[in-house]
Every structure is written in C-alpha cells, then in structure tokens.
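A quick write-up on the structure given underneath.
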Amino acid sequence: MLRDKPLSESQLNERHLRLYAALAQIPPGCVMSYGELAQQAGLGRAARWVGRVLAQLPDDSRLPWHRILRADGRLGLPADSPSARKQCERLRSEGVLVENGRVKGFKQDAP
DNA sequence: GCCATGGCTAGTA
DNA sequence: GCCATGGCTAGTA
C-alpha cells in the first residue's frame, strides 16, 4: 500500500488491514456494497463500520473507495458533496454508468 | 451515543 | 421510515 504518511493507530489493526485488502482487490469497473465488502473481508455485518472507515481515508488514498455503494445501488454520500462528485467522476471514468446518484444495473435498475 | 448501512414494514397512487 | 447491527469515540469515575 503506497503511503507517504504513517498510518494512525486506529488504522493499524487487523480489521482495518483486512478491509483495505478486500477493497484493494475490487477491479476497475466493478462495484460492491458496504455490506458485501464487509463480508468479503470476513467482517460479518459490519457494513456501517465500513462506511466510517472509508470516510476516514485520507484524500490521497490509493484505495478504490469509490467502488463502494449502498446495497440499493445508490452512492453513499450526499449528492452535492465534493466526495460524491469525485466518486461519480471516477466511476464514470471506469465505464460505470451512473444516473442521478445511482449506479445502473447494480441490483436491478428502474426501466 | 454516534454513523458514507441494511432490511423490512406501512401507507399512498 | 423505523429499528436492528457493530465497532469506535467521547466523556465520566
């Protein structure tokens, strides 16, 4: 994991590392929900905790946090926030179709 | 007690 | 919308 700054104490434990590892393995153009990521990392139903960890990632993080969505396919952040814009932009640049705050084709899309 | 969650009702059109 | 989850954080003792 490329970093110039040292990890804070809370980011060093096993749970965080498992989460980062699972996140790093999601290929470009693919998306996953908070809950699925928690499962994938072997963290059970810690979906909510996953959201908080992502919120605390540094701005220059290399991890593909933008590939994580709500279970219903919507982006997890308020639509007007800078982070949400960045997420939307990055997803589109990977070929993911985002339509008003929602990834098309994730769990069923409205026709 | 918080939450970048999730799942499952009710209540409307 | 409402309430259950799960781990963390702040604020007392």
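Chain letters run A, B, ... following the sequence lines, proteins first, then strands; residues in each count from 1.
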field: Protein-nucleotide distance (A:Gln39, atom CD; C:dG6, atom P), rounded to Å
entry: 11 Å

field: A:Arg67 side chain vs A:Met32 backbone, donor-acceptor pair below 3.5 Å
entry: no

message: Can you measure A:Arg74 atom CZ to B:dG6 atom P for me and round it to whole angstrom units?
response: 13 Å

- prompt: How would DNA chain C look in dot-bracket form, 5' to 3', counting Watson-Crick and G-U wobble pairs with both distances under 3.5 Å and writing | for bases paired to another strand?
  reply: ||||.|||.....

- prompt: B:dC8 C1' sits how many Å from A:Asp72 CG, rounded?
  reply: 14 Å

- request: Give one of base, sugar-phosphate or nothing for A:Ala71, where a contact means two heavy atoms less than 4.0 Å apart.
  value: sugar-phosphate

message: For A:Glu36, is the CD atom crowded, meaning more than 12 foreign heavy atoms sit under 6.0 Å from it?
response: yes

Linked, directly or transitively: A:Leu97 and A:Ile26 (ILVMFWY side chains, under 4.5 Å): no

- prompt: Tell me, which of residues 42-51 of chain A have any heavy atom that sits under 4.0 Å from an atom in DNA chain B?
  reply: A:Ala47, A:Arg48, A:Gly51

- prompt: Over how many whole Å does the gap from A:Leu54 atom CG to B:dC3 atom P extend?
  reply: 16 Å

query: Atom CZ of A:Phe106 to atom P of B:dT5: distance rounded to whole Å?
result: 14 Å

- request: In whole angstrom, give the distance that lies between atom CG of A:Leu37 and atom P of C:dT5.
  value: 21 Å

- line: In whole angstroms, the gap separating P of C:dC8 from CZ of A:Arg15 amounts to 6 Å

- prompt: What is the minimum heavy-atom distance between A:Ala22 and A:Leu37, and which atoms define it?
  reply: CB-CD1, 3.7 Å

message: Pair A:Gln40, A:Gln25 - check side-chain contact (heavy atoms from CB on, under 4.5 Å), show working.
response: CA-CA 10 Å; A:Gln40 201 72 145; A:Gln25 281 181 304; over 6 Å; no

- prompt: Expressed in angstrom and rounded to an integer, what is the separation of A:Arg70 atom CZ from B:dG7 atom C1'?
  reply: 12 Å

Validation row: A:Phe106, A:Arg74 side chains within 4.5 angstrom (heavy atoms): no

- request: Pick base, sugar-phosphate or nothing for A:Ser33, based on heavy-atom distances below 4.0 Å to the nucleic acid.
  value: sugar-phosphate

query: Is a side-chain donor or acceptor of A:Arg102 paired with a backbone partner of A:Asp72 at a separation under 3.5 angstrom?
result: yes

query: Heavy atoms, side chains only, cut-off 4.5 Å: are A:Leu75 and A:Leu69 in contact?
result: yes

query: A:Leu54 and A:Leu77: same hydrophobic cluster, using ILVMFWY side-chain contacts below 4.5 Å?
result: no

